[in-house]
Amino acid sequence: MYNSKIIGLGHYVPENVVTNDDLSKIMDTNDAWIQERTGIKERRWVQPNTGNSTSQMGVKAAKIAIERAGIDKDEIDFIIFATLSPDYYFPGPGVQVQEALDIKTVGALDVRNQCSGFVYGLSVADQFIKTGMYKNILVIGSELHSHGLDKTTRGRGVSVIFGDGAGAAILSRSDNNESGILSTHLHSEGKHAEELALTTPGMGKRWVNDIIADNDPDDVSYFPYMNGQFVFKNAVVRFSEVINEGLQKNNLSVDDIDMLIPHQANLRISQFIQKKFKLSDDQVYNNIMRYGNTTAASIPIALTEAWEEGKIKEGDTVVLAAFGSGFTWGSVIIKW
Ligand code: ACO
């Protein structure tokens with residue numbers, strides 16, 4: 001049995017900074033409300049017609065991760081791409097990465113577990129490496145939310161939270177059994193699928209052609225819906241459970257955590273978890289203030305930045321934890 005280790009990380013965010021004050025010019029909102037509820041000060045939103053798409057941002061992050069890993073693109077055996085905002089309804093963006101990076105015809109898997117997508121992707125990659133099937137796997141999380149949000153006052157409860165960006169990791173086979181990914185833990189609870197979804201709550205399955213056929217100006221089924229307070233309550237419970245599950249599996253305690261990287265859902269959720277686990281500011285990494293919630297991209301962007309800033313060192317115990325639409329949640333315990 002092999003072990004898997006992250007050997008390269010990269011991220012990309014679009015240049016266009018959108019502050020809370022910028023949003024208050026296009027909808028009835030304000031900096032104080034957004035900061036108080038979410039901690040977000042600004043986010044990046046792709047400028048239309050700049051050639052940036054979910055797959056292209058993913059490719060930019062991937063190129064940096066590959067270079068830092070010190071491998072050739074042709075050494076990549078498999079691609080995993082997590083997103084809820086693909087360029088096309090189908091096919092998913094994994095194949096676009098294979099084409100854009102000119103990688104030989106390796107498999108490309110698309111993961112759609114929303115905010116837990118990168119954690120799910122990393123877990124799948126870990127299993128492929130541990131069984132010996134693949135040696136190097138490219139795992140990407142990327143989102144282009146800004147084109148799919150309701151940027152009017154009607155949509156303000158959701159649209160102020162989300163940002164665009166991408167992060168990527170190269171997971172590689174390692175003979176060192178003392179370090180790398182120690183364990184991954186995945187969960188789902190589909191009964192809450194409609195609490196955070198792109199659907200009309202209570203209306204069941206509606207597809208684009210149903211919306212067009214109805215031609216109802218009040219139908220906002222093509223914008224995401226979120227029951228914010230319900231999501232908050234479930235998130236704090238599930239984050240705690242899945243972090244504890246990972247620690248217990250590896251006979252670790254909260255004191256062993258050198259760095260917790262929670263999915264950047266909302267600064268208030270991260271702070272709640274930090275307080276509950278009695279972690280210091282140095283033990284938790286947050287960047288939602290600058291990027292908003294970038295769903296599947298949030299953990300790889302935060303992990304890359306924490307690593308770039310020297311906050312993750314060899315031998316550290318790093319915990320990744322996510323919760324999101326589905327509901328789905330998960331954790332990854334890493335000995336760096
Ligand atoms: N600006 C100003 N006012 C707003 C805005 C806004 N952007 N959005 C909503 N409001 C108003 C509402 O209309 C409402 O007004 P009313 O009282 O006159 O009806 C008032 O603010 C309170 O609205 P609530 O929705 O009750 O606000 P709440 O305090 O619940 O905060 C929030 C909303 C921030 C979404 C909160 O529920 C929350 O933090 N939820 C956690 C979910 C989360 O973070 N999701 C992130 C994405 S999901 C994920 O990653 C897991």
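Residue indices begin at 1 and follow the sequence shown. Predicted model, so just to flag it, every value in this text is computed and none were measured. Atom set for the values below is all heavy atoms of this structure, side chains included, hydrogens, waters and symmetry mates excluded. In each ligand, atom 1 is the first atom listed, and ligand 1 is the first ligand listed.
When each of I161, T29, T19 is paired with I34, the side-chain contact (heavy atoms from CB on, under 4.5 Å) condition holds for T29 and for no other. No option in L171, I80, L101, V106 other than L101 meets the side-chain contact (heavy atoms from CB on, under 4.5 Å) test with L138.
Inside a 4.0 Å radius of atom 47 (C) of ligand 1 there is at least one protein heavy atom. Distance remark: protein heavy atom present below 4.0 angstrom from atom 37 (O) of ligand 1. For atom 17 (O) of ligand 1, the nearest protein heavy atom lies 4.0 Å away or farther. There is a protein heavy atom less than 4.0 angstrom from atom 10 (N) of ligand 1. Proximity of atom 32 (C) of ligand 1 to the protein is not indicated, since no non-hydrogen protein atom lies closer than 4.0 angstrom.
Rounding to the nearest 0.5 Å gives a distance of 13.5 Å between CH2 of W329 and CD1 of I243. Distance check, rounded to the nearest 0.5 Å: CG of L320 to CD1 of I181 gives 8.0 Å. Annotation: the span from E143 atom CD to T54 atom OG1 amounts to 6.5 Å, rounded to 0.5 Å.
Close approach of ligand 1 to G157 (heavy-atom distance below 4.0 Å) involves ligand atoms 8 (N). Atoms of ligand 1 lying under 4.0 Å from at least one heavy atom of V160, given by number and element, are 7 (N). For ligand 1, the atoms sitting less than 4.0 Å from at least one non-hydrogen atom of L196 are 48 (S), numbered in the order shown with element in parentheses. Listed by number with element, the atoms of ligand 1 under 4.0 angstrom from any heavy atom of N293 are 46 (C), 47 (C), 49 (C), 50 (O). Atoms of ligand 1 found under 4.0 Å from any heavy atom of G324 (numbered from 1 in listed order, with element): 51 (C). Near A265, the atoms of ligand 1 lying under 4.0 angstrom from a non-hydrogen atom of the residue are 44 (O), 46 (C), 49 (C), 50 (O), 51 (C).
Between F162 and ligand 1, a contact under 3.5 Å exists for no N or O pair. Considering backbone and side-chain N/O of H263, one or more are found under 3.5 Å from N/O of ligand 1. Backbone and side-chain nitrogen or oxygen atoms of N30 are examined, and none is located within less than 3.5 angstrom of a nitrogen or oxygen of ligand 1.
Distance alone, capped at 3.5 Å, places no donor-acceptor pair between the D316 side chain and the V318 backbone.
Salt bridge E195/K233: absent, no basic N to carboxylate O contact under 4.0 Å.
Under the 4.0 angstrom criterion for non-hydrogen atoms, C115 is in contact with ligand 1. Taking 4.0 Å as the cut-off, Q229 counts as a neighbour of ligand 1 on heavy-atom distance.
Aromatic ring orientation, H192 versus F230: perpendicular (interplanar angle above 60°, classes split at 30° and 60°).
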